[in-house]
Amino acid sequence: MTIDPVPTGPVETAPRGFVHDAQQLEELHTVLERAGVQLGAYDRRITEWVSGWEWSTVATITGWVQRAATTPDPVAPPADDAAEERTTDAIREALESYLDQVDPEDVDTDALAEQIAYHLAARTATEGASS
């Protein structure tokens with residue numbers, strides 16, 4: 001019988017084959033370890049439970065973990081020095097604006113954080129409208 005390996009891309013059809021539970025558990029733990037996932041007692045209990053499922057399910061789940069661990073973070077934007085400089089300028093402006101309005105001895109960090117957020121949102125809205 002042919003045993004399909006753990007998928008490395010989107011799965012269109014169920015992986016074929018039969019793999020013993022112990023091998024499935026080992027495969028799952030190996031992929032989780034490579035992905036940097038630390039397992040607690042309950043995590044191990046669940047991996048043991050999942051490893052008792054059919055190979056097509058275990059291979060698919062293992063493939064998800066493997067692909068997620070090797071895919072660059074889609075949330076992290078590429079480095080943009082100009083954007084970083086604009087952010088620094090916005091923070092500087094917010095601090096100057098806030099400190100112009102208060103006695104330095106009475107600085108309220110919560111109000112300061114709100115002021116910075118306001119200036120960053122305004123800057124972002126302005127940049128978004130000009131794009």
Side-chain angles (χ1 to χ4, degrees):
M1 171 181 258
T2 302
I3 299 174
D4 289 340
V6 171
T8 58
V11 180
E12 302 299 335
T13 60
R16 296 171 296 159
F18 173 81
V19 178
H20 289 282
D21 295 0
Q23 288 176 273
Q24 292 186 153
L25 181 62
E26 183 179 335
E27 182 74 30
L28 185 54
H29 280 178
T30 298
V31 168
L32 287 164
E33 184 179 315
R34 285 184 189 148
V37 177
Q38 295 180 354
L39 299 177
Y42 188 73
D43 294 319
R44 289 189 181 284
R45 182 174 155 199
I46 296 303
T47 58
E48 288 171 14
W49 175 58
V50 168
S51 69
W53 295 354
E54 68 277 352
W55 173 242
S56 60
T57 301
V58 175
T60 301
I61 292 170
T62 304
W64 293 342
V65 173
Q66 188 171 290
R67 289 187 315 221
T70 58
T71 302
D73 184 1
V75 177
D80 180 357
D81 292 337
E84 186 175 324
E85 187 174 332
R86 289 190 303 272
T87 300
T88 301
D89 289 344
I91 292 171
R92 185 179 301 108
E93 289 172 19
L95 286 170
E96 289 170 358
S97 173
Y98 177 76
L99 292 173
D100 285 344
Q101 300 170 30
V102 299
D103 180 343
E105 304 232 350
D106 296 328
V107 173
D108 177 351
T109 56
D110 289 335
L112 181 57
E114 288 176 19
Q115 191 77 6
I116 291 170
Y118 170 80
H119 280 274
L120 285 173
R123 174 72 54 117
T124 302
T126 302
E127 289 174 0
S130 66
S131 303

**Student:** Show your working on side-chain hydrogen bond (donor to acceptor under 3.5 Å, both in side chains) between Thr57 and Glu54 and close with a plain yes or no.
**Tutor:** CA-CA 6 Å; Thr57 301; Glu54 68 277 352; 2.4 Å; yes
**Student:** Quick check for you: to the nearest 0.5 Å, what is the distance between His29 atom NE2 and Glu48 atom CD?
**Tutor:** 6.5 Å
**Student:** Mind listing the closest non-hydrogen atom pair of Thr60 and Pro7 along with its distance?
**Tutor:** N-CD, 4.4 Å
**Student:** Would you say Val65 and Ile46 are hydrophobically clustered, going by side-chain heavy atoms of ILVMFWY under 4.5 Å?
**Tutor:** yes
**Student:** Side chains of Gln66 and Thr8: closer than 4.5 Å at any heavy-atom pair?
**Tutor:** yes
**Student:** Look up atom OG1 in Thr47 and atom CH2 in Trp49, then write down how far apart they are to the nearest 0.5 Å.
**Tutor:** 11.5 Å
**Student:** Enter the distance from Leu28:CG to Leu39:CG here, rounded to the nearest 0.5 Å.
**Tutor:** 8.0 Å
**Student:** Test Glu27 against Val19 for side-chain contact (heavy atoms from CB on, under 4.5 Å), laying out the working first.
**Tutor:** CA-CA 10 Å; Glu27 182 74 30; Val19 178; over 6 Å; no
**Student:** So, taking the atom named CG in Leu32 and the one named CD in Gln38, what distance separates them when rounded to the nearest 0.5 Å?
**Tutor:** 11.5 Å
**Student:** Please lay out, stage by stage, how Ile61 and Trp53 fare under the test side-chain contact (heavy atoms from CB on, under 4.5 Å).
**Tutor:** CA-CA 11 Å; Ile61 292 170; Trp53 295 354; 4.0 Å; yes
**Student:** Quick one: pull up CG in Leu25 and CD in Gln23 and give me the separation to the nearest 0.5 Å.
**Tutor:** 11.0 Å
**Student:** Same hydrophobic cluster for Val50 and Val11, using side-chain heavy-atom links shorter than 4.5 Å among ILVMFWY?
**Tutor:** no
**Student:** Are Ile3 and Trp55 close enough, and set up right, to give a side-chain contact (heavy atoms from CB on, under 4.5 Å), and what steps lead you there?
**Tutor:** CA-CA 9 Å; Ile3 299 174; Trp55 173 242; 3.9 Å; yes
**Student:** Would you sort out whether Thr30 and Arg34 count as a side-chain contact (heavy atoms from CB on, under 4.5 Å), showing the intermediate values?
**Tutor:** CA-CA 6 Å; Thr30 298; Arg34 285 184 189 148; 3.5 Å; yes
